[in-house]
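Every chain is numbered from 1 and lettered A, B, ... according to where its sequence line falls, protein lines coming before strand lines. Note that the structure is a prediction, hence the values are computed from the model and not measured.
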2 protein chains.
Amino acid sequence: MLRQLPPASVHAIFADPPYNLQLKGSLHRPDNSLVDAVDDEWDRFTDFAAYDAFTREWLSECRRVLRRDGTIWVIGAYHNVFRLGTQLQDLGFWVLNDVIWRKANPMPNFRGRRFTNAHETLIWAARGPESRHRFNYQAMKSLNDDVQMRSDWYIPLCTGHERLRGEDGRKLHPTQKPEALLQRVILSCTAPGDVILDPFLGSGTTAAVARKLGRHFIGIERETVYATAAHQRAMSITPLSEEAVAVAPSKKEQPRLPFGTLVENGMVPPGTALTDRQRRWRAIVGADGSLTCGRARGSIHKVGSEVQEAPSCNGWVFWHVELPGGALRVLDSYRAEVLAAAK
Amino acid sequence: MLRQLPPASVHAIFADPPYNLQLKGSLHRPDNSLVDAVDDEWDRFTDFAAYDAFTREWLSECRRVLRRDGTIWVIGAYHNVFRLGTQLQDLGFWVLNDVIWRKANPMPNFRGRRFTNAHETLIWAARGPESRHRFNYQAMKSLNDDVQMRSDWYIPLCTGHERLRGEDGRKLHPTQKPEALLQRVILSCTAPGDVILDPFLGSGTTAAVARKLGRHFIGIERETVYATAAHQRAMSITPLSEEAVAVAPSKKEQPRLPFGTLVENGMVPPGTALTDRQRRWRAIVGADGSLTCGRARGSIHKVGSEVQEAPSCNGWVFWHVELPGGALRVLDSYRAEVLAAAK
DNA sequence: TGGGAGTATGAATCTCCGG
DNA sequence: GCCGGAGATTCATACTCCC
């Protein structure tokens, strides 16, 4: 199915591939005799090799269909996630983060032989090291009480009403992912109208959340019973309103306003003296929007960095106008005023 | 050095290999200060193949020197941990858990292009699938206020007085690990008297904590300056008493902040003597957060009830620390202090 | 001595657009 | 594809300094 998709056609991929189950089973033969795996390196190599080959095949196709600015998410546990990560890197993907889904309510360890396996790992990767990927930084920050979103996410398992069940009342799919997890994934790296691909759709959480958030989706699923349920599930979703699904705009996405415009329209007339917050330097605004401070001359940013001897400087927040009475007003507030009026 | 060790001779291995960070250029904070990056020669590899070959070589030797019932811990980040995990599996190790070190105070992401990289990953593996490994289940449970220890650990970075510094006052080693991390690792899978190997000793945290907890250790370090400092550091450690380092069986109770956390972070260090308000009993704090008072051993609550021959006891308000000068401070006030600071 | 303000720093794969 | 310039971007903790 993946091979039928055109190259560079999807904005984001979420993949929840099968775990390496044959490896778990390889400990015992059908007659329950124990396989001496330690001395049987060839056999165990072929097990991993089969999983690696499978992984490599679908990941290669994913890379082909991914846009150059697109990103991929892959989820796994310690049985398979190291194989996934290694293959991602070997295929040229560029890992951006590994993200930990900390389960609020994991299954306990019944035998008391290990730590409670209370998390799964997601790998987030760009198509390559030069890719300019989308990351909705402000949206993620807003979601987290206005501090940067960390790489560890605390989210409950999918239970209760959200869990799809068959007619017999039993869970339809063994590893249905919670919608909260997919919502954060999709909000972090896509925009409304983007196309999201899930090559292992399963119970259809990716499709449901994509539709809810106004993203397009492509889902691939081999098992008919899952595919049918996922399709029904996605179609039953009512998409949210446009304003509800928009991502918080970053400053970079706001329209550019050259400083010269403020000079031209008289908000900061030529000849105005600018100073920094501590009033250490004083610069004069030129009619062309340039700044002069001693021998330093150029844009508000360039002069700011030169006087401070700093590698860079955002002149909008560095320079201030001294108002009558002596109070300081930062340049950025003039810009905000103009941008607000333009709406 | 590893090749000189006899086979099947160590009970546990902790390995903190170079991460292969692949940093390019420099990074400035928003305040224009320069981030002190890990650019040391020992972290430079030409490509993944070179890193994999290096990894395979030292891991093979580790497997040879590890006892059949021994386990290995390997720590890494997304740059290298997938390579580590894959090589571990390919060499026949049997992964028991991947454990997440959630950093209380990670470095932020300054450019807003990714999630804050707020964790590192430890892989815990047995020598093979048939190994009968040691896991001190009750000790880990005690440390976590009598609920199973999960696979995500919340521990602060190594800063302040714990951080080794050179004569110039700068950090001696770029990646010194916190003692609280090693303490949990060592308590989870070894017994007093066991031999612990660290093939990348660095600043010597493994050696220091092993000695403190009454375990033997072997450390290997290539850089003379690190090796010298690590040796001095380990030798300056006073081992805890036998009863403080023994691993305990226990059960019961569950406040929100485990007493073990106060032990780990040094507010109530192992070996501390606790007493009740009337100073009728005296109990010693174990490194796993258990308490010993005569033959009574277990959580602060259990020991409190046993010595009083009472059906139950809230250890938080029963036990006190005797301060220099003789005043008593109730345990609950330490908990309150931590909880208040966490707000 | 205590508190407030300011500064330093931690395993970091850390920009984007237009000419 | 290269280059120059605009301008966006930080959290928790510990320590220093000064009043």
> Which dot-bracket notation, 5' to 3', represents the base pairing of DNA chain D when pairs are defined as Watson-Crick or G-U with both distances under 3.5 Å, crossing pairs as [ ], and inter-strand pairs as |?
Replying inline: .|||||....|||||||||
Below 3.5 Å between N/O atoms, which protein atoms pair up with nucleotides 1-7 of chain C? Just atom names and distances, please.
none

Between the protein and nucleotides 3-7 of chain D, are there any N/O to N/O pairs under 3.5 Å, and if so, what are the atom names and distances?
| unit_1 | atom_1 | unit_2 | atom_2 | d |
| --- | --- | --- | --- | --- |
| D:dA6 | OP2 | A:S299 | OG | 3.0 |
| D:dG7 | OP2 | A:H301 | NE2 | 2.5 |
| D:dG7 | OP2 | A:W316 | NE1 | 3.4 |
| D:dG7 | N2 | B:R111 | NH2 | 3.4 |

> Is there a side-chain contact (heavy atoms from CB on, under 4.5 Å) between B:R102 and A:I100 once you walk through the steps?
Replying inline: CA-CA 9 Å; B:R102 301 176 51 222; A:I100 304 305; over 6 Å; no
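Between B:R222 and B:E41 there is a salt bridge, with a side-chain nitrogen of the basic residue lying less than 4.0 Å from a carboxylate oxygen of the acidic one. In this structure, B:D152 pairs ionically with B:R150, as a charged nitrogen and a carboxylate oxygen lie closer than 4.0 Å. Using a cutoff of 4.0 Å between basic side-chain nitrogens and carboxylate oxygens, B:K177 and B:D198 are not scored as salt-bridged.
For residues 85-99 of chain A, every residue pair satisfying the side-chain hydrogen bond (donor to acceptor under 3.5 Å, both in side chains) rule, not counting sequence neighbours, is listed here: A:R56-A:Q87, A:T86-B:T86, A:Q89-B:R83, A:D90-B:R83, A:D98-B:H119.
Near DNA chain D, meaning a heavy atom under 4.0 Å away, there are no residues from residues 48-57 of chain B. Near DNA chain D, meaning a heavy atom under 4.0 Å from it, residues 158-177 of chain B has B:T159, B:G160, B:H161 in order of number. A heavy atom closer than 4.0 Å to some atom of DNA chain C occurs in B:N105, B:P106, B:M107, B:P108, these being the qualifying members of residues 101-108 of chain B.
Minimum heavy-atom separation, A:L187 to A:N136: O-ND2, 2.7 Å.
When the side-chain nitrogen and oxygen atoms of B:N117 are compared with OP1 and OP2 of C:dT13, one or more of them lie within a distance under 4.0 Å. For the OP1/OP2 pair of C:dC16 and a distance below 4.0 Å, the side-chain nitrogens and oxygens of B:R113 include at least one atom meeting the criterion.
A:V95 comes within 4.0 angstrom of a base, heavy atoms only. Across all strands, B:D40 comes closer than 4.0 Å to no nucleic acid atom at all (heavy-atom distances). Here A:Q254 lies out of heavy-atom contact (under 4.0 Å) with every strand.
Interface remark: the B:R114 side chain does form a donor-acceptor pair with the C:dT13 base, using a distance-only criterion of under 3.5 Å.
For A:E322, the salt bridge (Lys or Arg N to Asp or Glu O under 4.0 Å) test picks out A:R279, with sequence neighbours left out. A:W73 is linked by a ring pair (Phe, Tyr, Trp, His ring centres under 6.0 Å) to A:W124, A:W153, counting only residues two or more places apart in sequence or in another chain. For A:W101, there are no ring pair (Phe, Tyr, Trp, His ring centres under 6.0 Å) partners, not counting sequence neighbours. By the ring pair (Phe, Tyr, Trp, His ring centres under 6.0 Å) test, B:Y226 pairs with B:H173, sequence neighbours left out. Looking at residues two or more places apart in sequence or on another chain, you find a salt bridge (Lys or Arg N to Asp or Glu O under 4.0 Å) between A:R280 and A:D276.
Base orientation for C:dT13: syn, the chi torsion being within 90° of 0.
Between B:F45 and B:F54, the ring planes are tilted. Angles from 30° to 60° get that label.
The residue among B:D31 and B:A37 whose nearest nucleotide of DNA chain C lies closer to the 5′ end is B:D31.
With centroids closer than 5.5 Å and planes inclined by less than 30 degrees as the test, A:W94 and the base of C:dT13 pass as a stacked pair.
Candidate nucleotides C:dC14, C:dA11, C:dA12 were compared by shortest atom distance to the side chain of B:L157, and C:dA11 ranks first. Nearest nucleotide to the B:E120 side chain, out of C:dA11, C:dT13, D:dC11: C:dA11. The side chain of B:D43 lies closest to C:dA11 when the candidates are C:dA11, C:dT13, D:dT9.
Within the 4.5 Å cutoff, no side-chain heavy atoms of A:Y137 are placed close to those of A:M149.
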